[in-house]
Each structure stands twice: as structure tokens, then as C-alpha cells.
Amino acid sequence: MSEVIGSTSVIVFGCDHAGFLLQQHLMEKVKAHGFHVIDCGTDDELSVDYPDFAERVAERILHQKAEKGILICGTGMGMAIAANRHRGIRAACCYDANQATIARQHNDINVLCLGSRLSDEAVAFECVMAFLKTDFDGGRHQRRLDKIDKNAA
Ligand code: RB5
């Protein structure tokens with residue numbers, strides 16, 4: 001069940017210093033498309049540790065029922081590794097919209113990880129919109145996700 005304010009889905013953002021500027025850009029764009037945004041930081045370009053922000057976003061999704069999260073670091077990779085340690089989080093790095101679409105359809109990702117040093121603003125936003133608008137296909141893909149959860153139990 002997703003947290004919804006009015007008819008608006010809640011999207012939680014988190015980044016490290018490398019992702020800060022891209023996060024600011026994407027939060028404004030996502031808000032302009034009617035989503036409610038929660039900003040879990042970081043708040044400037046001073047060096048921080050990405051796992052701290054992955055944890056904030058994961059906790060928010062798992063315990064406060066936000067629908068989806070977006071994590072941004074230099075590559076997206078550290079964020080994905082950190083976020084996937086939280087049971088119930090399915091995070092993937094995506095570098096084009098097709099990847100984000102398939103990651104939603106097949107993997108039901110609830111966290112999109114972006115790399116500010118690998119994707120420009122336009123491509124990153126295309127990934128975000130694909131992530132937000134694409135539904136999970138279910139079926140055989142759900143069976144596979146259930147196996148992942150069973151293995152992590
Ligand atoms: C920070 O320099 C960088 O390591 C971080 O943003 C990220 O790319 C890690 O995966």
C-alpha cells in the first residue's frame with residue numbers, strides 16, 4: 001500500500017554529495033508532474049556517505065509506506081548495493097528509460113538508483129518518469145521475486 005496525499009503518490013528522494021545537484025533538478029521536475037516529494041537529503045555538496053541516505057529512503061519506504069524511492073550518487077551503484085541490503089527493497093541502477101521500464105515490469109523495483117556522473121539531467125528524468133509510470137507485470141516475475149525473498153529470509 002502506498003502513502004498517498006490526496007490523489008498524489010509520495011516519492012522519497014535521497015542522495016550523496018555527488019548526486020545533490022541532480023536530485024534538486026529531479027525533485028522539481030517530479031513535483032511539476034504532480035507527485036509529492038519527500039527530501040531525505042543530503043542538503044549540499046559537502047562530502048557525505050551514501051549508505052546513510054540509502055538507509056533513510058529504505059526506512060521511509062518500508063516503515064512509512066512511501067510508494068517509491070529515488071537514490072542518486074555518482075554512479076548509482078553504491079546506493080543500489082546499500083539499498084538492497086534492506087529486505088523488501090528492490091533497487092536497480094538505470095541509465096536509460098528502457099532499463100527503468102523493464103526493471104519495473106520484471107523486477108518490480110521500488111527504488112531507482114541514478115548516477116549523476118553517468119547520466120545527464122534529461123536522461124535521468126526519462127528514467128524517473130519510466131520508473132514512476134510503469135506497472136509491474138506480475139505473473140512469472142512475481143514467482144521469481146518470491147524466491148528472492150525466500151532466499152533472503
Ligand atoms: C562519491 O565520490 C562516490 O563514490 C559515490 O557518489 C558513488 O558513486 C558510490 O557508488
Side-chain angles (χ1 to χ4, degrees), residues 2-3 9-33 35-136 141 144-153:
S2 35
E3 182 183 355
S9 297
V10 176
I11 311 302
V12 190
F13 276 81
C15 65
D16 71 357
H17 52 287
F20 173 72
L21 291 177
L22 181 58
Q23 174 158 297
Q24 298 304 302
H25 173 78
L26 293 175
M27 285 195 303
E28 287 310 310
K29 299 270 287 184
V30 166
K31 274 191 258 184
H33 279 74
F35 294 91
H36 181 80
V37 162
I38 294 173
D39 181 359
C40 288
T42 189
D43 301 320
D44 54 37
E45 292 182 273
L46 294 177
S47 183
V48 291
D49 297 333
Y50 60 81
D52 297 333
F53 299 91
E55 181 176 2
R56 288 185 192 182
V57 167
E59 292 292 315
R60 188 94 198 190
I61 292 170
L62 294 172
H63 301 303
Q64 295 180 37
K65 299 186 173 64
E67 183 178 26
K68 289 175 179 168
I70 296 175
L71 285 167
I72 311 170
C73 62
T75 61
M77 296 176 193
M79 286 295 199
I81 292 167
N84 279 318
R85 295 291 177 97
H86 297 262
R87 191 163 190 269
I89 295 296
R90 294 173 302 280
C93 298
C94 296
Y95 305 107
D96 65 42
N98 191 41
Q99 294 171 356
T101 297
I102 296 169
R104 284 286 310 132
Q105 291 172 333
H106 289 201
N107 310 113
D108 196 21
I109 61 166
N110 50 14
V111 174
L112 172 70
C113 299
L114 299 169
S116 63
R117 295 171 179 156
L118 301 176
S119 298
D120 65 23
E121 287 181 349
V123 169
F125 183 62
E126 288 172 9
C127 292
V128 167
M129 292 315 287
F131 171 62
L132 296 181
K133 289 180 176 296
T134 306
D135 290 329
F136 178 46
H141 302 295
R144 293 160 185 167
L145 294 182
D146 290 344
K147 289 188 177 184
I148 293 173
D149 282 340
K150 190 168 161 236
N151 290 341

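The structure displayed is predicted, hence computed values, not measured ones. In listed order, ligands and their atoms are each counted from 1.
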- [ ] Return a yes/no value for M77: is any of its N or O atoms, backbone included, closer than 3.5 angstrom to an N or O of ligand 1?
- [x] no
- [ ] May I ask you to identify the nearest protein heavy atom to atom 1 (C) of ligand 1, giving residue, atom name and distance to one decimal place in Å?
- [x] H17 NE2, 3.7 Å
Task: Minimum heavy-atom distance between A130 and T101, given as atom pair plus value - done: CB-OG1, 3.5 Å
- [ ] Compute the shortest N/O to N/O distance between T75 and ligand 1 and return yes if it is under 3.5 Å, no if not.
- [x] yes
TODO: Report yes if the side chains of F136 and Q105 come closer than 4.5 Å at any heavy-atom pair, otherwise no.
DONE: no
Task: Location of contacts on C73 toward ligand 1, heavy atoms closer than 4.0 Å - done: both
Open item on the list: How long is the straight-line distance from NZ of K68 back to CD1 of I61, given to the nearest 0.5 Å?
Closed with: 10.5 Å
- [ ] Measure the spacing between CG of D49 and OG1 of T42 and express it to the nearest 0.5 Å.
- [x] 10.0 Å
Open item on the list: I need the minimum non-hydrogen distance between H17 and V48, along with the two atoms involved.
Closed with: ND1-N, 3.2 Å
TODO: Identify the protein heavy atom lying closest to atom 3 (C) of ligand 1, giving its residue, its atom name and the separation to 0.1 Å.
DONE: R117 NH1, 3.7 Å
Open item on the list: So, regarding G74 and ligand 1 (criterion: nitrogen or oxygen to nitrogen or oxygen, under 3.5 Å), is there a contact or not?
Closed with: yes
Task: Close side-chain approach of H86 and E59, heavy atoms under 4.5 Å - done: yes
TODO: May I ask you to identify, for M79, whether its side chain, its backbone, both or neither come under 4.0 Å of ligand 1 on a heavy-atom basis?
DONE: neither
- [ ] Give the residue, atom name and distance (to 0.1 Å) of the protein heavy atom nearest atom 10 (O) of ligand 1.
- [x] G78 N, 2.9 Å
Open item on the list: As an exercise, identify every atom of ligand 1 less than 4.0 angstrom from a heavy atom of A18.
Closed with: 6 (O)
Task: Proximal ligand 1 atoms for D16, defined as those under 4.0 Å from one of its heavy atoms - done: 1 (C), 5 (C), 6 (O)
Open item on the list: I'd like to know if the side chain of H141 reaches the main chain of N107, judged simply by a donor and an acceptor atom lying under 3.5 Å from each other, with no hydrogens or angles considered.
Closed with: no
Task: Close side-chain approach of V10 to E67, heavy-atom, < 4.5 Å - done: no
Open item on the list: Just to confirm my output: which protein heavy-atom neighbour is closest to atom 9 (C) of ligand 1, and how far is it?
Closed with: Y50 CE2, 3.5 Å
